[in-house]
Amino acid sequence: MEHLNYKHTARARATGEKKQALVGVVASGNLEVLVERVLPGNECEIDIRTAAEGFGEVWKEVVADFVGRRSPGGLKFSINDGGARPDTVALRLAQAARALEGDGT
Amino acid sequence: MSAASAATRIDDALAQSWYEASARQRVDALLDRGSFVEFIGPERRETSPHLPLFDLPEQFDDGMIVGRGRLDGASILIAAQEGRFMGGAFGEVHGAKLTGLLRAARELRTPVVIAFDTGGVRLQEANAGEMAIAEIMRALLEARLAAVNVIGLVGGRAGCYGGGGLIAACCSALAVSEQGRISVSGPEVIETNRGVEEFDSKDRALVWRTMGGKHRRLIGGAEIFVDDTVASFRAAAIALLARAPALTRAMLVAEQARLETRLDAFGDCADALDIWRRLGIADAASVPAMSYGEFDALGARITEVIHDAR
């Protein structure tokens with residue numbers, strides 16, 4: 001298992017009122033994302049535990065792309081990964097952000 | 001959100017396949033809209049203490065979701081296994097959450113619905129998982145002795161095997177879909193131990209007609225056969241909570257007698273097809289391909305299903 005952690009400053013705070021949401025499941029080629037509205041201001045943290053070691057650079061790019069596209073300020077994303085592909089990761093991150101904004105679960 | 005679009009979403013949630021839905025989707029759609037309150041949710045991060053030792057990924061809810069909610073207006077406790085995480089297998093934390101829920105049910109006199117989706121005990125947590133099964137069975141039976149109904153729903157991709165099959169057998173009543181399979185030893189386990197002549201686990205038709213929902217319904221292993229939709233499981237759970245039998249000495253005696261009768265009647269059958277013919281189904285070979293409606297009509301004619309045993 002590999003532990004990765006990325007901290008970003010988002011453009012804006014995430015909208016919505018929900019405190020937390022969980023999407024996905026830990027299985028081969030899949031991942032779960034727990035998102036919590038716990039950080040101050042525009043801070044954003046993505047904490048990853050992955051079964052596929054040695055893909056830090058790919059994670060870094062996928063996470064940076066996600067933070068750039070959305071505005072997940074104030075959110076902490078905690079990920080348990082079963083070896084998902086980057087496109088699946090991007091989808092789950094977007095799904096988690098949407099779920100927290102409400103009406104997206 | 002308009003009332004009309006909210007209603008459409010509820011309809012969509014109820015129409016979704018139980019087999020395809022995640023454990024969380026099942027819980028949300030099974031219960032009255034918005035009534036679910038989770039206990040020890042994923043934010044608590046009560047994960048398995050064993051999986052890191054094997055360098056395996058954890059899941060924040062350890063594959064077991066427990067909580068309370070309302071079903072058709074009535075308060076219930078609910079548990080659901082996520083069959084895609086470790087095959088829905090029981091580990092220490094996964095099991096402890098269900099044990100705790102069943103103990104709470106006894107204290108609160110509140111009925112329980114368990115959505116099974118499990119291959120049995122998680123191999124990496126062998127002893128802790130086996131202990132969990134024993135503790136769950138005890139807690140379940142103690143709840144039933146306190147007149148609390150415990151209903152099992154089986155229709156997930158992992159089926160209901162191993163210790164899950166034992167726990168299901170302790171429930172007040174079960175509902176199963178065609179996709180649901182209920183047994184203790186799974187197909188691969190039987191083949192590994194007894195050889196391919198005894199059971200060919202790659203013969204999917206054999207697996208389904210031996211352990212699948214239709215067979216369990218026909219021999220009385222499950223009280224209700226349901227279509228593979230959340231709405232169908234919801235209706236079955238409501239119906240079974242209303243009519244499940246109490247766990248009494250008289251019921252156990254009746255159950256033992258019925259199991260003996262079943263063994264006498266079918267003990268020499270080599271295949272489920274033989275059992276179905278003996279039950280009076282002339283065209284037994286047509287059963288696996290029957291639609292839900294056709295099979296439901298057939299099941300209603302088979303008296304074998306009316307009893308307290310499984």
| message | Checking the side chain of B:T118 only, and the main-chain atoms of B:G88 only, is there a donor and an acceptor separated by less than 3.5 Å? | response | yes
| query | What residue among B:R26, B:R84, B:R181 forms salt bridge (Lys or Arg N to Asp or Glu O under 4.0 Å) with B:D117? | reply | B:R26
| message | Assess, by modelled atom type and distance only, whether the side chains of B:D61 and B:H94 contain a donor and an acceptor separated by less than 3.5 Å. | response | no
| query | So which part of A:S78 gets closer than 4.5 Å to some heavy atom of chain B, the side chain, the backbone, both or neither? | reply | both
| Partner chain A: residue of B:G63, B:G87, B:P42 with the largest heavy-atom pair count (under 4.5 Å) | B:P42
| query | When you check the gap from the basic side-chain N to the acidic O, do B:D32 and B:R234 get nearer than 4.0 Å? | reply | yes
| Quick one: what part of A:E2 sits under 4.5 Å from any heavy atom of chain B, side chain, backbone, both or neither? | neither
| request: Check whether B:E43 gets within reach of chain A through its side chain, its backbone, both or neither, counting any heavy atom under 4.5 Å. | output: both
| remark: Which of B:V27, B:L31, B:I76 passes side-chain contact (heavy atoms from CB on, under 4.5 Å) with B:V113? It is B:I76
| query | Given the options B:R24, B:Q25, B:Q59, which has more heavy-atom pairs under 4.5 Å with chain A than any of the others? | reply | B:Q59
